[in-house]
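Shown next, in structure tokens, is the structure this report addresses.
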Amino acid sequence: MDTLMQYAWLIPLFPLLAFIVIVSFGRQLKEGAAAVGILLTAVSFGVAALTFWQRFQEGASDYTFSLDWLQVGDIVITMGFEVNQLNAMMLVIVTLVSLLVQIYSKGYMHGDERFPVFYQYLALFTFSMLGLVISPNLLQVYIFWELVGVCSFLLVGYYYFKPEAKAAAKKAFIVTRIGDLGLFIGICLLFWWTGSFEFTQIFDSIALGKLEPWMITLAAILIFVGAVGKSGQFPLHTWLPDAMEGPTPVSALIHAATMVAAGVYLVAATYPLFLASETALDVVAYVGGFTAIFAASIGLTQRDIKRVLAYSTVSQLGYMMLALGVAGAAGYVAGTFHLMTHAFFKALLFLAAGSVIHAVHTQDVFEMGGLWKKMPVTALTFLIGCLAIAGIFPFAGFWSKEAILSAVYEAHRFDLLWLAIIAAFFTAFYMFRLFFLTFAGEPRGRRDGHESPGVMTGPLLILAVLAIGAGFVNTPYAPYLTKWLLSGETGAAITAGFGEGTGHAAAWLQIVALLVSLLGIVLAYLMYGKRYIPADAIPEAMPWLYQLSYRKYYIDELYHYVIVRPLGWLGLLLDLIDRYVVDGLVALTAKITRGIGSLHARAQNGQVQSYGAVVLFGLLLLVVAISLTAQGGGFFGQ
Amino acid sequence: MTGEFLAFFILSLLTIGGAVFMISFTRVVHMVISLGITFISIAGLFVLLGAEFVGVAQVLVYSGAISILMLFGIMLTKHNASDEGTGRSWKNIFSLVFVAGLFGLMFWGIQKTVWTAPPEGAAAQTASVKQLGVEIFTKYVIPFELVSVLLLVALVGAIIMAKKEGDSE
Amino acid sequence: MSVNITSYLLVALILFCVGLYGALTKRNAVIVLLSIELMLNAVNINLVAFAKYGLFPAVTGQIFTLFTMTVAAAEVAVGLAILIALYRNKETVNVDEMDSMKR
């Protein structure tokens, strides 16, 4: 039944259809737009699931389809789609999370005036993301990459009447643009050196040794720059926390589960390129590792519930990059595995946070508290999400985080291993700080909470189930995912280079990871749950440390003074040049023309003698011309 | 130094001198007088060239009729205007330059051209009035008639142009 | 030293140029007409000179001269008539002041 994968191109088209329908009939549909979106996304999910199941069968092979699109000289650029293991998995993840978020949004955005517009943007985004994952060549990836960026801009700036939202949307777009530039240059270089955009052809060129080592490194690093922008790694991470200005379902869908994962997906999809260059892999690993701990350290002190989750996302993406960067099949599998589990539990956390915000109308955790009794379902699912992200057995996060740590250990990168473990400690700590401050204790604010409607709690429950169970697809004792991901052509390339990792180096590592997380939870409990240790202990002892963390290491201010201000001055200078030099030149030309004109107008004085003088001049010229050029050397020569 | 050359020299001196003085005098009547001298010298040149009839015609028509006509014109229109002078305006300077240019060009042309001498014997054919008459009334009779019509037209035209307005027929 | 055709041509050329200069620069309209007559005379000298010293000496040059003289006379008559009419309208014979054709 190979034929089912042929229809994979339909998967992005259903959301596109939803977009078109909602754009055309949104005003009439109003809240009915949700039904359109949900229905079509559900169909898309169904097809994706079927495609995945197909691909999952033993003996199934990658399916590619392409059409000739442009012909430039000898080079033919194609458009098409392909289905391989990584794709198929991503298709299911994206459609599932998008579906759940759309169901949730029906409740969350209820009563909003621009309800259909929200669903339009969501549908467009789903289309773009799905198109991105089934692209078989870099050009198509780039097209959808940009589309996804646009949708993110639209959705972050959804509340456009708020100046912070406008600024955040602009910031998101511009900062990711910097990454996109790197990606674009990388794509162009690869095209120039290998003559094609197609993944398969590029990988073949590399395998045949057509590219020199420095070329591969350069291209890989440039592509990684694109991933840094989109996935919010240091130093292009500043847009993600600000993007929390968008509605919470947006944060769940885009900034937790899918768009930011596009960066990780890109690195995984072009993995053979990275494998050929150790330098590039090191860059990926170190940037990822550093980001993981950097973002986690900022998350320790933030007050806004969504910001803590945002920094957590940045940190977890750092983990994924770290895994991919340590090379080898183990890293590849671990990174991809964590991508999947993170999508589920981070979406869960965001949606639950949204439920809380919807109920108490504030985002500051220090104004919440004691919501456990009032919102039981939300609280329970949030707890499950926290346990998953902290990596507690047997939740999904445990298995995927442990896979990453094993991969790092196996590659003998002990410095990175320390970073990862400390970051894990921080993660557990700040997540449970969040949990205790929000749900435990006495209510601090005077806000009343109440449980959210079924449309909102339903998806929460589904995601909670996934957050528990998704981990079991790849335990060290039954590595289904590893086996499946590494079968097939790409997997062969990976294992050929680096051998197959076992994914479970040592049992002691599992126990260490578990202990570290438990330590974090206990500390959070003591500080924020029972208040045995005052929360101000460290801030009072070392205020500067607290300030560094709370003010995000002043990176935003640094960028503002070093980059934004000088650019502003440059813009001012260029504006002056434009106004006085360029416009001045144009005005000068006009003046000169007018001057010459008026000068010559003086010859039109109405006097015959002047005209006669001009006629004489013409006669002279004519005589000169004829006498010099007539045949035979002119009239006067003989 | 032949007589012909001497005669030519004196006559051309008078001609050119008259023309130049015409340009440089300030009072209009003086200009007309010097031009009259020029006309008569030109008649002398014609006689030197063997065209006696043309010379006589020149005296009759030009220095006789046309000079007097000019004087009439001056008398009828502010004849004591003595502010005749060429100003130093751009137009005059340009005209001087262009005229000088024309002069130079034609001078160079004249000098460069090789003037073949006429075959001997043909010059012996001196033009007499009889010959002139024969030619006019045989070969050129049509232009001759046309010219007379032209004169008539000019006469009528001049009268109409100069008539006072408002005068009935 | 003989008088050949170039001498006559030169004389005619000088007269022509002087007449041209006068026609283009003088302010009194009558003088302009006078200069035009001078130019015509120069042409006549040329014609007669070629009639005697040219490549095919014939009497045609002189006949043509007679015709030009006639035309010149007619032209002077009409020109002066126009001048008188103009003087009657504008009270001046300065060509500088006759610029109705100005933009």
With a 4.5 angstrom heavy-atom cut-off, could you sort out which part of [X] is near chain B: side chain, backbone, both or neither?
X: C:Leu9; result: both
X: C:Thr65; result: side chain
X: C:Leu15; result: side chain
X: C:Phe50; result: side chain
X: C:Glu75; result: neither
X: C:Ile5; result: side chain
X: C:Leu33; result: both

Please examine the side chains of [Y] and [X], heavy atoms only from C-beta on, and report whether any two atoms are closer than 4.5 Å.
X: C:Ile63; Y: B:Lys139; result: no
X: B:Tyr140; Y: C:Leu66; result: no
X: C:Glu37; Y: B:Met70; result: yes
X: B:Tyr62; Y: C:Met69; result: yes
X: C:Ile14; Y: B:Phe103; result: yes
X: B:Phe9; Y: C:Val3; result: no
X: C:Ser35; Y: B:Met22; result: yes

task: Evaluate side chain to side chain donor-acceptor pair (under 3.5 Å) for B:Gln58 paired with C:Asn44, printing each intermediate quantity in order.
output: CA-CA 10 Å; B:Gln58 164 90 1; C:Asn44 285 346; 4.7 Å; no
Test of ring centre spacing under 6.0 Å for B:Phe8 and C:Tyr8: yes
task: Apply salt bridge (charged side-chain N to carboxylate O under 4.0 Å, His left out) to B:Glu52 and list each qualifying residue two or more places apart in sequence or on a separate chain.
output: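 B:Glu52 satisfies salt bridge (charged side-chain N to carboxylate O under 4.0 Å, His left out) with no other residue.
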task: Not counting sequence neighbours, which residues clear salt bridge (charged side-chain N to carboxylate O under 4.0 Å, His left out) with C:Lys90? List them please.
output: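 None.
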query: Most heavy-atom pairs under 4.5 angstrom with chain B, which of C:Val11, C:Thr92, C:Leu34?
result: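 Heavy-atom pairs under 4.5 Å are most numerous for C:Leu34.
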message: Counting heavy-atom pairs under 4.5 Å with chain B, which one of C:Leu10, C:Leu86, C:Leu83 comes out on top?
response: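 Looking at each of C:Leu10, C:Leu86, C:Leu83 in turn, C:Leu10 comes out on top.
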- request: Name the region of B:Leu48, side chain, backbone, both or neither, that has any atom closer than 4.5 Å to a heavy atom of chain C.
  value: both
message: Which atoms of B:Ala57 are under 4.5 Å from chain C, going by heavy atoms: the side chain, the backbone, both sets, or neither?
response: both
message: Using every non-hydrogen atom in the two residues, find where B:Met161 and C:Ala81 come nearest and quote the distance to one decimal.
response: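 B:Met161 and C:Ala81 have their closest heavy atoms at CB-CB, 3.7 Å.
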- request: Measure across B:Phe46 and C:Val48 and return the closest heavy-atom pair with its distance rounded to 0.1 Å.
  value: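 Taking every non-hydrogen atom into account, CE2-CG2, 3.6 Å.
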- prompt: Considering the options B:Leu76, B:Thr77, B:Ile74, which one meets the side-chain contact (heavy atoms from CB on, under 4.5 Å) requirement together with C:Val93?
  reply: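 With C:Val93 as partner, side-chain contact (heavy atoms from CB on, under 4.5 Å) holds for just one option, B:Thr77.
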message: Donor-acceptor check, side chain of C:Lys26 to backbone of B:Ile23, threshold 3.5 angstrom: yes or no?
response: yes
query: Between B:Leu102, B:Leu96, B:Ile160, B:Leu150, which residue shows the highest count of heavy-atom pairs closer than 4.5 Å to chain C?
result: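 Of the options given, most contacts go to B:Leu96.
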